[in-house]
Amino acid sequence: MTDIAKTRVLFFRKRFFKKSETFIYNQAVNPYIHPLLLTGKFYKTPELPTQSFIKFRHMPTLMDWILSKLSNPILYYGKRSITKIGKMLQGQSFDLIHAQFGVDGISILPLAKLMNVPLVVSFHGFDASRILSDATYLKGLKEMFDYASAIVVCNPGMADVLPLSEAHKTKVHWVPYGIDIQHFSTDNTIERQKVNTFNILHVGRLIEKKGVPDLIRAFAQVAKEVEDITLHIVGVGREEKECRTLVKNYRIEAKVIFHGWQSPSKVKQLMQQSDVFVLNSRTADDGETEGLPVGLLEAMAMSRAIISTRHAGIPLAIENEVSGILVDEFDTDALSQQILRLYHSKELRQTLGKAARNKVENQFTMSRMHENLRDIYCRVINVNTDDQN
């Protein structure tokens, strides 16, 4: 396959690439396309290198930013910035724009119209939950949906809450996140030989929708009954102080380790050493929800036994009692009971872990995600997918 045959996709995000947004990076490193990046700022994230991309950067001037906010509070780019970007991109060849998150789709819509190119927009979480209470955002979504050629959701339930008309719904495509399973080995014998405690692992930001304070409460109940158990918390966020206070109040400092943010390689090592992966997700007070957590898929790919919640897209990956265990949101007692259950049953952990790996191999691989996106792009620009193979 030559570069000439590939669809040229201009990805847009206000910032590229946050450490917590590997799911966007994985969409851009698609072998079926020629990716270009447009943003206001590039983060220096060694784990997500951008050297191979064609990159364009436009940070609004203070005046441009103020004018854009006066016309629409949720906009990142206003008319003046869009005009400047249009001139910057003159002579550049791309077939479509793929905006990440609904807010970015609204911001870049005027550029798509100016350059008369199709627009694809992806929704990932807060943009299909918390921010839907903003009337300005809802108005912008409806205008964007009218123009967009494709609307991509990581969780089909998003289509039920987004303000989609019947015509808009025909544009919706469910594309699950995918991971490169070759990078997630199920052989953990060496790492397990180094461990002399039962390890529970959480990976994710310490924010309300992740439910880490209640995970600590559930763990504290378990720790009353078993001695050789440790909770590992990977992530940072605004609830970290509350989490540390809870650990101190429960007097379980020796059993809870806060790792902070860790590199992907370190996270994989911790997964190899873990017995159970727990993601206690729930709907936050402001309405924010998950999409489909990538960390969950990674743990499944490593054959971990999973405990999570009946929340957002999680049940699409975890079939209760088959590829993991699901409890209701906010049910801390059930969470502690299921941790104890898995603690006492190595056979169940192994059975769930094996099924989890199989589920990822069948439905959530990066190659499958790339193929799904390729098919959408080809449909949008009216190209035969055979030409992309």
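All values reported here derive from a predicted model rather than from experimental measurement.
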Hey, are [X] and [Y] close enough for a salt bridge, meaning a charged N less than 4.0 Å from a carboxylate O?
X	Y	result
Arg310	Asp328	yes
Glu290	Lys210	yes
Lys139	Glu143	no
Glu227	Lys255	yes

Given 3.5 Å as the limit, does a donor-acceptor pair link the side chain of [X] with the main chain of [Y], or not?
X	Y	result
His168	Ser165	yes
Tyr147	Pro110	no
Ser308	Leu279	yes
Asn362	Asn358	yes
Ser274	Phe277	no
Arg57	Thr39	no
Asp286	Arg130	no

Walk me through it: do Ile33 and Arg8 pass the test side-chain contact (heavy atoms from CB on, under 4.5 Å)?
CA-CA 6 Å; Ile33 68 171; Arg8 297 176 67 86; over 6 Å; no

If we only count heavy atoms from C-beta on, is the [X] to [Y] side-chain gap below 4.5 Å?
X	Y	value
Ile179	Ile181	yes
Leu75	Ile106	yes
Leu119	Met144	yes
Asp285	Glu208	yes
Met300	Ile318	yes
Tyr137	Asp127	yes
Met63	Arg80	yes
Leu373	His98	yes

Looking at [atom1] of [X] and [atom2] of [Y], how far apart are the two atoms once the value is rounded to the nearest 0.5 Å?
X	Y	atom1	atom2	answer
Gln338	Asp333	CD	CG	11.5 Å
Glu371	Met369	CD	CE	11.0 Å
Thr230	Leu201	OG1	CG	11.5 Å
Ile314	Asn320	CD1	CG	12.5 Å
Thr197	Asn199	OG1	CG	5.5 Å

Are Lys19 and Tyr43 in a cation-pi contact, defined as NZ or CZ under 6.0 Å from the six-membered ring centre and within 45° of the axis?
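No, Lys19 and Tyr43 do not form such a contact.
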
Is Arg282 close enough and on-axis enough to Phe330, meaning under 6.0 Å and within 45°, for cation-pi?
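Verdict for Phe330: a cation-pi partner in Arg282.
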
Smallest separation among heavy atoms of [X] and [Y], with atom names:
X	Y	result
Lys171	Asp146	NZ-O, 3.1 Å
Ser107	Ile82	O-CD1, 3.8 Å
Val212	Cys243	CG1-SG, 3.7 Å
Ala312	Gly291	CB-O, 3.8 Å
Cys154	Leu292	SG-N, 3.8 Å

Evaluate Phe126 against Phe101 for ring-ring contact (aromatic ring centres under 6.0 Å, His included), listing each step before the verdict.
CA-CA 9 Å; Phe126 80 89; Phe101 290 94; 5.2 Å; yes

Just checking, is any N or O donor in the side chain of Gln262 or Gln269 under 3.5 Å from an acceptor N or O on the other one?
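On atom types as modelled, these side chains do not qualify, holding no pair under 3.5 Å.
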
Residues in salt bridge (charged side-chain N to carboxylate O under 4.0 Å, His left out) contact with Lys84, at least two apart in sequence or another chain
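Lys84 satisfies salt bridge (charged side-chain N to carboxylate O under 4.0 Å, His left out) with Asp64 only.
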
Would Phe16 and Phe53 count as a side-chain contact (heavy atoms from CB on, under 4.5 Å) here? Give the steps.
CA-CA 12 Å; Phe16 278 131; Phe53 295 101; over 6 Å; no

Dump the intermediate steps for side-chain contact (heavy atoms from CB on, under 4.5 Å) on Gln363 and Lys359, then the final yes or no.
CA-CA 6 Å; Gln363 294 189 27; Lys359 186 70 174 284; 3.2 Å; yes

What residue pairs, at least two apart or across chains, pass salt bridge (charged side-chain N to carboxylate O under 4.0 Å, His left out) with a residue in residues 341-356?
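Every pair satisfying salt bridge (charged side-chain N to carboxylate O under 4.0 Å, His left out) with a residue in residues 341-356: Glu321-Arg341.
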
For Asp104 and Arg13, what are the C-alpha separation, side-chain angles and deciding distance, and is it a salt bridge (Lys or Arg N to Asp or Glu O under 4.0 Å)?
CA-CA 6 Å; Asp104 292 316; Arg13 174 79 172 112; 2.7 Å; yes

Would you call the rings of [X] and [Y] parallel, tilted or perpendicular, where under 30° means parallel and over 60° means perpendicular?
X	Y	value
Phe23	His124	tilted
Phe198	Tyr343	perpendicular
Tyr77	His58	tilted

Is there a side-chain contact (heavy atoms from CB on, under 4.5 Å) between Val172 and Val153? Walk through the geometry before answering.
CA-CA 7 Å; Val172 174; Val153 296; 4.1 Å; yes

Would you say the rings of [Y] and [X] are close, in the sense that their centroids are separated by under 6.0 Å?
X	Y	result
Phe17	Phe42	no
Tyr32	His370	no
His232	His202	no

Tell me if the NZ atom of Lys55 is crowded by more than 12 foreign heavy atoms within 6.0 Å.
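Correct, the count exceeds 12.
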
If you count every heavy atom of other residues, nucleotides or ligands that lies below 6.0 Å from Trp174 atom CH2, does the total exceed 12?
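Counting other residues, nucleotides and ligands, CH2 of Trp174 exceeds 12 neighbours.
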
Any link between [X] and [Y] through a network of hydrophobic side chains (Ile, Leu, Val, Met, Phe, Trp, Tyr) touching at under 4.5 Å?
X	Y	value
Leu206	Ile257	no
Ile24	Ile54	yes
Val29	Tyr177	yes
Val322	Ile325	no
Leu67	Met59	no

Name the residue from Ile97, Leu96, Leu89 that meets the side-chain contact (heavy atoms from CB on, under 4.5 Å) definition with Val117.
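Exactly one candidate clears the test, Ile97.
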
